[in-house]
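In what follows, a single structure is set out as structure tokens and then discussed.
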Amino acid sequence: MSVLFQTGKYFLRKSYSYSFCKYVLLRKKSDVPRKFITFDEIVAQRRAEARRSLVVQVNSESSFDELYGYCSKYSSIKDVYHYKNSGEEHFMLIEFSSEDNLQSILQSCCSHQKDLEVMAVQSPFVWFRASDAKEKLTANGLELRVKDGNNKYSEDVLFDDLMKCQTVSEQIQMLYDKTILNDVGARLRYMVARQLEVILSSLYTNIQVLPFGSSVNGFGKMGCDLDLVLTNSLTDEMMSPSNRLVYQEKRSDSSRGPWQRHMELVGALLELRVPGAARVQRILNARVPIVKYSQELVDVDVDLCFNNMSGVHMSSLLYALGSLVPAGPALAVTVRRWAAAVQLTQPHPGRWITNFPLTLMVLFFLMTQKILPTFRRLIECAGKQDVRVTEDNINCTFVRDLSRLPPHSYQPSSDNLQTLLLKFFEFYSQFDFQEHAISVIEGKPIRKPNTLPLYIVNPLEPALNVSRNVSYEECERLKMEVRNAAWHLEACLDNNQADDWGILGLVEKKTTRGLKKLLRAGNQQRLVSVKDLFKDDQPETTPGSDRE
Ligand code: GTP
Ligand code: MG
């Protein structure tokens with residue numbers, strides 16, 4: 001759903017289905033330069049929202065009146081969103097008007113007194129105790145605006161809706177709108193980051209916990225995993241030479257060992273001190289040590305690493321390219337969905353491609369069509385304010401504010417989504433994977449530096465191949481599946497009556513489709529819902545490869 005407002009020179013589109021409810025300023029007919037909201041601005045806005053928000057577990061959706069009445073006695077409330085987790089527990093995400101408001105409500109919170117098994121912890125996740133008080137609290141006629149805000153769109157309903165579309169382009173747009181991470185999903189992910197930041201800040205001064213990956217790059221779906229990085233954000237003021245009192249600090253050597261131990265400590269803290277954190281796993285021997293856990297209060301799987309800022313800059317790059325051409329995210333969502341359906345991607349890591357390199361393949365294709373500028377162009381247009389070099393010396397400098405790109409760096413496509421998707425599959429059907437590498441730096445195929453079956457250049461570390469884990473067999477399967485997809489799309493241009501017409505034949509798992517046919521043939525008594533049969537078989541993605 002999207003709404004257009006006019007504000008001064010610009011049309012402002014508030015797109016509720018966009019991953020972080022981003023506001024996109026559209027170009028007016030008079031060709032006023034387009035104004036972009038940068039990744040850094042979105043992140044700052046989301047972090048500020050999280051600092052003035054609280055997640056409250058409640059009995060049910062009908063607790064809204066009472067909770068609103070109780071909290072508004074202390075503070076002024078901006079918005080309240082409702083959601084359920086997979087345990088069918090109900091939660092309200094409350095955004096207060098200011099951070100100070102949140103402080104006053106936090107002072108009214110208490111812990112499980114007298115319970116010796118519980119060590120108190122302050123975090124933005126609380127619960128609302130039932131009360132015998134006679135006082136009737138109400139929200140004074142205000143209504144809960146969002147219900148079930150974090151729920152995924154039902155797969156059965158989605159496929160029925162796709163069936164009813166008139167064109168393949170409409171199907172692609174619908175798939176994007178119904179499955180992309182929504183505003184509540186994005187807010188909750190920043191709350192998970194905020195919770196860690198609050199709990200860890202007593203041990204690590206000025207720690208920042210930043211989301212990266214598909215939760216923030218504009219390509220994530222509802223329910224995608226949450227990638228987080230713990231990083232140290234020392235301000236200039238803190239490092240000023242005029243300050244004469246300096247903290248005594250522990251120095252660790254620059255090898256991986258100390259970082260592994262920090263991650264071990266964080267793993268223990270997750271188990272002992274972070275409400276909702278469960279199933280903590282430490283993967284400490286990877287190139288970037290990570291700790292995985294599930295945050296059950298929000299229903300999200302988290303991958304946490306230390307100081308790996310290049311992931312955040314990569315997200316900023318993907319976000320920038322995605323916001324430049326809306327067709328990009330729509331195509332990428334369809335391609336990622338197709339790859340999961342034909343099992344090119346898998347729920348666990350292995351010798352197959354993952355969502356991140358697939359997204360680079362989509363962006364690369366759009367660059368070859370001149371619809372997107374190359375990454376080299378973004379580097380050339382960078383100013384002083386764009387310089388970013390990570391602690392491990394990775395240069396992540398490129399222009400962030402895309403309104404500074406010179407005109408004609410890219411051209412709007414005259415093709416609709418259907419044509420672009422077909423061209424995407426045809427392009428890779430003919431791509432010479434044996435000789436060529438995919439490089440979004442150059443935006444054209446380059447000669448492969450080695451004989452690995454699939455070579456996709458990491459734009460921030462050009463010496464690395466982000467798909468170096470992909471085996472020969474998996475690369476062959478990729479080549480076969482892009483050809484099949486191109487044939488399928490070409491065939492359905494003449495026939496949109498078939499029950500797998502358009503992208504249905506690409507994004508619905510073949511087994512699911514077979515069972516649906518059975519259902520339609522009247523076997524409802526035996527099979528209640530196709531979705532129920534695949535509860536444990538949701539296509540997900542796997543962590544990256546050149547990081548291992
Ligand atoms: P999904 O989690 O599958 O929705 O997609 P994702 O884009 O979040 O991918 P993933 O969780 O695997 O990785 C998170 C982020 O880490 C990516 O968006 C990239 O920024 C970065 N990343 C992933 N794989 C690689 C890789 O192979 N090399 C490098 N350098 N970075 C990677
Ligand atoms: Mg991810």
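When reading the values below, keep in mind they use all heavy atoms of this one structure, side chains included, and skip hydrogens, waters and symmetry mates. Counting convention: from 1, in listed order, for ligands and their atoms alike.
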(message) To make sure I understand the geometry: which N, O or S atom in D227 is closest to the Mg ion (ligand 2)?
(response) OD2
If you look only at distance, which donor and acceptor atoms sit under 3.5 Å apart when one is on a side chain in residues 362-375 and the other is two or more places apart or in another chain?
| residue | atom | partner | partner atom | Å |
| --- | --- | --- | --- | --- |
| T368 | OG1 | F365 | O | 2.5 |
| T374 | OG1 | R377 | N | 3.1 |

(request) Using heavy-atom distances, let me know which of R336, M314, R468, E461 sits nearest atom 20 (O) of ligand 1. (result) M314
(message) Quick check on contacts: which atoms of ligand 1 are under 4.0 angstrom from a heavy atom of G311?
(response) 20 (O)
(request) For D225, take its heavy atoms, then give the atoms of ligand 1 lying under 4.0 Å from any of them. (result) 2 (O), 11 (O)
(message) I'd like to know if D183 and R46 make a salt bridge, using a cut-off of under 4.0 Å between side-chain N and carboxylate O.
(response) yes
(message) Are more than 12 heavy atoms, taken from residues, nucleotides or ligands other than E380, located less than 6.0 Å from that residue's CD atom?
(response) yes
(request) Step through it carefully: locate the ring centre of F425, locate the ring centre of H488, and say whether they are under 6.0 Å apart. (result) no
(message) List ligand 1 atoms under 4.0 Å from D227, heavy atoms only on the residue side.
(response) 8 (O), 11 (O), 14 (C)
(message) So is T354 touching ligand 1 or not, going by heavy atoms under 4.0 Å?
(response) no
(message) Whether the D161 and Y153 side chains hold a donor-acceptor pair (N or O, under 3.5 Å, no angle test) is what I'd like checked.
(response) yes
(request) Salt-bridge test for D415 and K423: reply yes if a basic N is under 4.0 Å from a carboxylate O, no otherwise. (result) yes
(request) Check salt bridge (charged side-chain N to carboxylate O under 4.0 Å, His left out) between D392 and all other residues, then give those that pass, not counting sequence neighbours. (result) none
(request) Could you tell me whether F219 approaches ligand 1 through its side chain, its backbone, both or neither, with non-hydrogen atoms closer than 4.0 Å? (result) neither
(request) List every atom of ligand 1 that sits less than 4.0 Å from any heavy atom of V466, numbering the atoms from 1 in the order shown and giving each element. (result) 27 (O), 28 (N)
(request) Tell me, please: is G220 in heavy-atom contact with ligand 1, that is, under 4.0 Å? (result) no
(request) Could you tell me whether E271 atom CD has more than 12 heavy atoms of other residues or ligands within 6.0 Å of it? (result) yes
(request) Tell me whether D225 has at least one N, O or S atom under 2.8 Å from the Mg ion (ligand 2). (result) yes
(request) Identify, by atom number and element, the atoms of ligand 1 in contact range of G213, meaning under 4.0 Å from any of its heavy atoms. (result) 8 (O), 14 (C), 15 (C), 18 (O)
